[in-house]
Amino acid sequence: MAKKNIFTDAFGTPYFLKRLVIFILGIVSYRRFNGFNKLKITGTEHLVDLPDSNVLFVCNHQTYFADVAAMYHAFCAVNNGYLNTIKNPIYLLNPKIDFYYVAAEETMNKGILPKIFKIAGAVTVKRTWRAEGKNVNRMVDMSEVDNIMKALDNGWVATFPQGTTSAFAQGRRGTAKLVKNQRPIVIPIKINGFRRAFDKKGLRVKVTGVKPTMEFKAPLDIDYDNEKAPEILLKIMTAIEQTEDFNLLHTYDEELKAKKLEQQDPNN
């Protein structure tokens with residue numbers, strides 16, 4: 001597989017261009033996370049001793065771009081010795097440049113701003129189950145899988161196992177299969193409050209005074225030899241708190257249904 005060098009990343013993007021894009025986007029987004037809304041970051045101590053490659057971050061998804069932008073701030077801060085804080089944006093002068101994120105191809109090709117975000121490190125994939133607002137059923141493009149593996153071979157990668165910003169959506173098996181085959185260190189990220197603070201794209205501040213959170217958890221303990229993909233996926237979804245066990249609204253609805261059935265039972 002292709003390798004990065006001192007001038008370009010694994011996909012041939014010049015490092016000077018990535019640094020410039022990350023710096024500009026970081027400056028533009030900074031007040032969104034440490035001004036209009038105060039981002040609370042925890043758990044970045046788990047990132048300090050990680051290797052430079054084959055690290056996979058798995059995260060729940062609430063907006064198209066704000067989630068990833070917040071990760072860049074956190075990673076760049078840690079890269080410069082700042083743990084659990086983004087108060088000193090000087091870290092943007094020395095960014096974490098070998099960081100990539102998996103994103104839907106159709107999202108990254110709409111408009112000039114997504115294309116700029118793409119330069120920062122997007123690894124684009126075509127959704128196999130949905131395209132242009134319609135349900136589809138298409139085969140996985142293996143070249144896209146190869147690109148994700150290439151990114152892992154050369155840096156850190158963030159992916160969103162649900163493939164959608166909908167809460168408690170089903171996790172996609174492709175993430176678990178990738179983990180099973182590539183055997184990366186898997187770091188779960190749990191975010192909250194992004195959906196309330198920003199619009200769906202994550203480009204506009206919707207509400208001020210919100211304190212979105214980003215929690216980095218300890219690496220998952222995975223038995224790559226014996227655990228099967230469904231077991232790995234369940235472990236991932238539990239770690240990012242997106243199983244139905246964490247859906248309080250779902251639990252409330254189920255309890256309400258059970259109560260109504262109990263009231264309708266003539267034996268009571």
Side-chain angles (χ1 to χ4, degrees), residues 1-34 39 41 44 47-48 50-59 61 63-82 85-86 88-125 143-160 178 182 184-185 187 189 191 201-203 214 216:
M1 290 188 177
K3 291 287 185 180
K4 61 186 178 183
N5 57 53
I6 61 173
F7 300 110
T8 64
D9 71 6
F11 299 94
T13 304
Y15 277 136
F16 81 86
L17 183 58
K18 289 188 73 171
R19 288 179 181 274
L20 179 62
V21 168
I22 293 171
F23 177 78
I24 293 174
L25 292 178
I27 291 296
V28 170
S29 63
Y30 183 73
R31 288 196 66 195
R32 288 168 168 78
F33 299 118
N34 198 39
L39 175 64
I41 303 174
T44 55
L47 313 184
V48 175
L50 291 176
D52 292 332
S53 62
N54 209 32
V55 178
L56 182 68
F57 295 87
V58 290
C59 185
H61 206 13
T63 71
Y64 291 170
F65 299 112
D67 309 6
V68 173
M71 287 182 199
Y72 270 105
H73 279 283
F75 292 149
C76 292
V78 171
N79 196 49
N80 289 272
Y82 301 105
T85 181
I86 58 169
N88 191 348
I90 195 172
Y91 55 73
L92 292 171
L93 294 173
N94 181 35
K96 175 72 176 176
I97 51 176
D98 287 315
F99 166 61
Y100 307 89
Y101 61 96
V102 180
E105 185 179 81
E106 62 178 274
T107 300
M108 303 310 295
N109 288 333
K110 291 181 179 179
I112 185 65
L113 196 54
K115 290 179 180 178
I116 295 175
F117 267 102
K118 190 174 179 179
I119 295 172
V123 180
T124 59
V125 297
S143 66
E144 296 174 347
V145 177
D146 287 342
N147 283 338
I148 298 174
M149 293 176 67
K150 182 193 297 184
L152 279 169
D153 282 339
N154 291 275
W156 293 359
V157 177
T159 189
F160 303 94
L178 177 69
Q182 187 73 6
I185 295 173
I187 306 288
I189 306 175
I191 64 170
K201 290 185 177 180
L203 300 175
M214 175 168 282
F216 293 88

Problem set entry | Nearest non-hydrogen partners of Val157 and Ile148, listed with the distance | CG2-O, 4.4 Å

For this session: If the plane angle is over 60° it's perpendicular, under 30° parallel, otherwise tilted; pick one for Phe57 and Phe99.
Result: perpendicular

For this session: Find the distance between CG (Asn79) and CG (Asp98) and round it off to the nearest 0.5 Å.
Result: 10.0 Å

For this session: Would you check if Leu20 and Phe16 make a side-chain contact, meaning some heavy-atom pair closer than 4.5 Å?
Result: no

For this session: Evaluate the side-chain proximity of Leu93 to Phe23: yes if any heavy-atom separation is below 4.5 Å, no if none is.
Result: yes

Problem set entry | Polar side-chain atom of Asp67 near backbone of Thr63 as donor-acceptor pair, under 3.5 Å | yes

Exercise. Roughly how far, to the nearest 0.5 Å, is CZ of Phe65 from CG of Leu113?
Worked result: 6.5 Å

Exercise. Can you check side-chain contact (heavy atoms from CB on, under 4.5 Å) on Thr124 and Asn109, steps first, answer last?
Worked result: CA-CA 10 Å; Thr124 59; Asn109 288 333; 5.9 Å; no

Exercise. At what distance, to the nearest 0.5 angstrom, does CD1 of Ile27 lie from CD1 of Ile22?
Worked result: 12.5 Å

Seminar exercise, completed: Here the pair of heavy atoms bringing Gly202 nearest to Ala66 is O-CB, 3.7 Å

Problem set entry | Lys18 to Tyr100, cation-pi by 6.0 Å centre distance and 45° axis angle | yes

Exercise. Hey, are the side chains of Ile119 and Leu17 touching, using non-hydrogen atoms and a 4.5 Å cut-off?
Worked result: yes

Problem set entry | Nearest heavy atoms of Met71 and Ala158, plus distance in Å | SD-CB, 3.7 Å

Seminar exercise, completed: NZ (Lys118) and CE (Met108) are apart, to the nearest 0.5 Å, by 7.0 Å

For this session: Look at the side chain of Asn34 and the backbone N and O of Tyr30, then say whether any donor-acceptor pair between them is shorter than 3.5 Å.
Result: no

For this session: Please confirm whether the backbone N or O of Asn80 pairs with a side-chain atom of Asn94, one donor and one acceptor, at under 3.5 Å?
Result: no

Exercise. Does any non-hydrogen side-chain atom of Ile187 lie less than 4.5 Å from one of Leu50?
Worked result: yes

Problem set entry | From CA spacing to verdict: side chain to side chain donor-acceptor pair (under 3.5 Å), Ser143, Asp146 | CA-CA 5 Å; Ser143 66; Asp146 287 342; over 6 Å; no

Problem set entry | Ala120 backbone acceptor or donor facing Tyr72 side chain under 3.5 Å | yes

For this session: Answer whether the closest heavy-atom distance between the side chains of Phe117 and Thr107 falls below 4.5 Å.
Result: no

Problem set entry | Polar contact flag, side-chain donor to acceptor under 3.5 angstrom, Asn5-Tyr15 | no

For this session: Please work out whether the ring planes of Phe160 and His61 are parallel, tilted or perpendicular, with thresholds of 30° and 60°.
Result: parallel

For this session: Give a yes or no answer on whether the side chain of Thr13 reaches the backbone of Asp9 with a donor-acceptor pair at less than 3.5 Å.
Result: no

Problem set entry | Nearest-0.5 Å distance that lies between atom CD1 in Ile86 and atom CG in Leu39 | 5.0 Å

Problem set entry | Main-chain N/O of Leu203 paired with Arg32 side-chain donor or acceptor, under 3.5 Å | yes

Exercise. Do Lys96 and Trp156 have side-chain heavy atoms sitting under 4.5 Å apart?
Worked result: yes

Problem set entry | Interatomic distance, Arg19 atom CZ to Ile24 atom CD1 [nearest 0.5 angstrom] | 14.0 Å

Exercise. Are Val58 and Thr159 close enough that some pair of their side-chain heavy atoms sits under 4.5 Å apart?
Worked result: yes

For this session: State, yes or no, whether a side-chain contact exists between Asn154 and Ser53 at a heavy-atom distance under 4.5 Å.
Result: no

Exercise. Which word best sums up how the rings of Tyr91 and His73 line up, parallel for under 30°, tilted for 30 to 60°, or perpendicular for over 60°?
Worked result: perpendicular

